[in-house]
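Numbering of ligands and ligand atoms starts at 1, following listing order.
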Amino acid sequence: MKVLVAGGAGYIGSHCVRQLLAAGHEPVVLDNFSYGHRAAVPTGVRLHEANLGDASALDRIFKQEGVDLVMHFAAYCYVGESVTAPLKYYLNNVAATYTLLDAVRRHGVKKFVFSSTCATYGVPATLPLVEGMPQAPINPYGQTKLDVENALKALAHSDGLSFAAFRYFNAAGAAEDGSIGEDHDPETHLIPLAIGAAQGNRPALQVFGTDYPTPDGTCQRDYVHVDDLSRAHIAVFAHLDQPGATHFYNLGTGTPTSVREVIQAVERVTGLKVPVKFGERRAGDPPALYANSTKVQAELGWKPKFMSIEPIVATAWRWHSRRPNGYGDR
Ligand code: UDP
């Protein structure tokens, strides 16, 4: 299948492009490189440098490429920034995505795969999170993703668009061969920051809160390997043939892992000490988030290859030890 990957030069998108190639599909990348990296796109994959909200550029690309399916990863993803600069998030994650969806509709593309988030649930009343639970985001980032989920539902009804929205938990790790990995600027995610601190390339890791109602007082999250995430996006293709098909899936391993457990895993994998400072809670962090993923396992036969934190950190370490400055293009 010819797949247009919006945000294909970013962290999750670039891993998905490689998985698409491995599965025999033809990915084409759309990215504006505001956060993506040219070096993350494999040689031989066609690349269109354009903004998601540029309708005439999208027209040109859709005409030229004859796309069968669109995967959409091109979004801003910093929860904290979304609180201080909400319009940046609404303009890109919502308004520009509507422009993309309009192009999808005008060009008769009938299949869409969307990268959503567990942040659409807000603070859950019970855990683990199941797809049917209420969605009440507590920050603009989560709200923008929910807005797009709702637009997709409406388009499935009005236009017969078939779509899947994957609600990610904490994407982590890197390609097993160490060729591509996580490189955000600024970096705010726990695993790259812990590894960078252990390497001496970043300041001591600040642990955000030690007084949570969790077994060791630090937040628990569900870390899921980026290649496992990517595989689900491809496994769903077979379920998008029916016009108007509507799928929502949680993607996580179901295992809660605390900040302290992540630090211990980084120390075991790297053989280095992670310098740590214990600090205040970060605003907007729920104490614990982890998935019930039985739906995606039952319907798509998805089974994460990486079931625990240590092998996930091992892949991240392969990438960061080989490329301590990431792609080096910033
Ligand atoms: N975290 C931390 N120090 C950091 C970055 C993150 O203690 O410098 C914690 C954060 O409070 C959360 C977990 O690590 O409980 C994962 O945070 P991250 O930003 O990686 O992902 P998020 O859960 O916000 O999507």
Side-chain angles (χ1 to χ4, degrees), residues 10-12 35 73 75-84 89 93 115-124 127-129 137-146 166-174 181-199 201-226 229 250-267 274-291 309 312-313 315-317 319-320 326:
Y11 173 43
I12 303 174
Y35 288 97
F73 300 95
Y76 298 142
C77 65
Y78 298 121
V79 169
E81 184 186 51
S82 81
V83 175
T84 54
Y89 281 69
N93 296 10
S115 97
S116 189
T117 169
C118 63
T120 58
Y121 293 111
V123 180
L127 286 165
L129 277 152
I138 58 166
N139 51 62
Y141 168 67
Q143 186 62 52
T144 61
K145 292 287 187 172
L146 183 57
F166 289 104
R167 296 180 188 144
Y168 307 154
F169 284 67
N170 287 56
E182 194 164 5
D183 179 3
H184 293 115
D185 183 24
E187 187 56 81
T188 62
H189 294 112
L190 179 62
I191 295 173
L193 290 178
I195 290 177
Q199 286 172 306
N201 293 334
R202 293 187 186 274
L205 179 76
Q206 180 97 358
V207 173
F208 296 141
T210 52
D211 59 349
Y212 282 100
T214 57
D216 68 16
T218 63
C219 286
Q220 293 176 311
R221 292 289 181 273
D222 182 340
Y223 296 89
V224 53
H225 194 274
V226 61
L229 288 182
N250 286 341
L251 280 181
T253 64
T255 309
T257 304
S258 72
V259 175
R260 285 188 209 270
E261 287 169 331
V262 169
I263 294 168
Q264 286 156 10
V266 169
E267 292 186 337
V274 178
V276 166
K277 281 191 180 142
F278 294 99
E280 295 301 308
R281 291 182 179 197
R282 182 173 68 176
D285 271 342
L289 288 174
Y290 50 96
I309 192 65
I312 294 177
V313 168
T315 64
W317 173 236
W319 158 251
H320 289 292

Please state which part of [X] comes within less than 4.0 Å of ligand 1, counting heavy atoms only: side chain, backbone, both or neither.
| X | answer |
| --- | --- |
| Val262 | neither |
| Leu190 | both |
| Leu205 | side chain |

Non-hydrogen atoms of Val259 versus ligand 1: any pair closer than 4.0 Å?
->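 The answer is yes, since Val259 has a heavy atom less than 4.0 Å from ligand 1.
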Just jot down the side-chain contact (heavy atoms from CB on, under 4.5 Å) partners of Leu193, sequence neighbours excluded, or say none.
-> Glu187, Arg202, Leu205
Once you round to the nearest 0.5 Å, how far does [atom1] of [X] lie from [atom2] of [Y]?
| X | Y | atom1 | atom2 | answer |
| --- | --- | --- | --- | --- |
| Tyr141 | Cys77 | OH | SG | 6.0 Å |
| Tyr212 | Cys219 | OH | SG | 4.0 Å |
| Asn170 | Thr117 | CG | OG1 | 8.5 Å |

Can you sort out which atoms of ligand 1 are near [X], meaning under 4.0 Å from one of its heavy atoms?
| X | answer |
| --- | --- |
| Val207 | 7 (O) |
| Cys219 | 15 (O) |
| Asp285 | 10 (C), 11 (O) |
| Thr188 | 5 (C), 19 (O) |
| Gln206 | 2 (C), 3 (N), 4 (C), 7 (O), 8 (O) |
| Asn170 | 16 (C), 21 (O), 22 (P), 23 (O), 25 (O) |

A student comparing Arg221, Lys277, Glu187, Arg282 should find that the heavy atom closest to atom 18 (P) of ligand 1 comes from Arg282
Just going by heavy-atom distances, which of Tyr223, Phe208, Tyr78 is nearest to atom 16 (C) of ligand 1?
-> Tyr223
Before signing off on this row, confirm whether Leu193 and ligand 1 have an N or O atom pair separated by under 3.5 Å.
-> no
May I ask you to check if ligand 1 and His189 share an N or O to N or O distance below 3.5 Å?
-> no
Do any pairs count as a salt bridge (Lys or Arg N to Asp or Glu O under 4.0 Å) and have a residue in residues 275-288, sequence neighbours left out, and if so which ones?
->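 Passing the test, one end in residues 275-288: Asp211-Arg281, Arg221-Asp285, Arg282-Asp285.
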Side chain of [X], backbone of [Y]: donor and acceptor closer than 3.5 Å?
| X | Y | value |
| --- | --- | --- |
| Asn250 | Ala291 | no |
| Tyr78 | Pro186 | yes |
| Arg260 | Asp216 | yes |
| Glu267 | Val274 | yes |

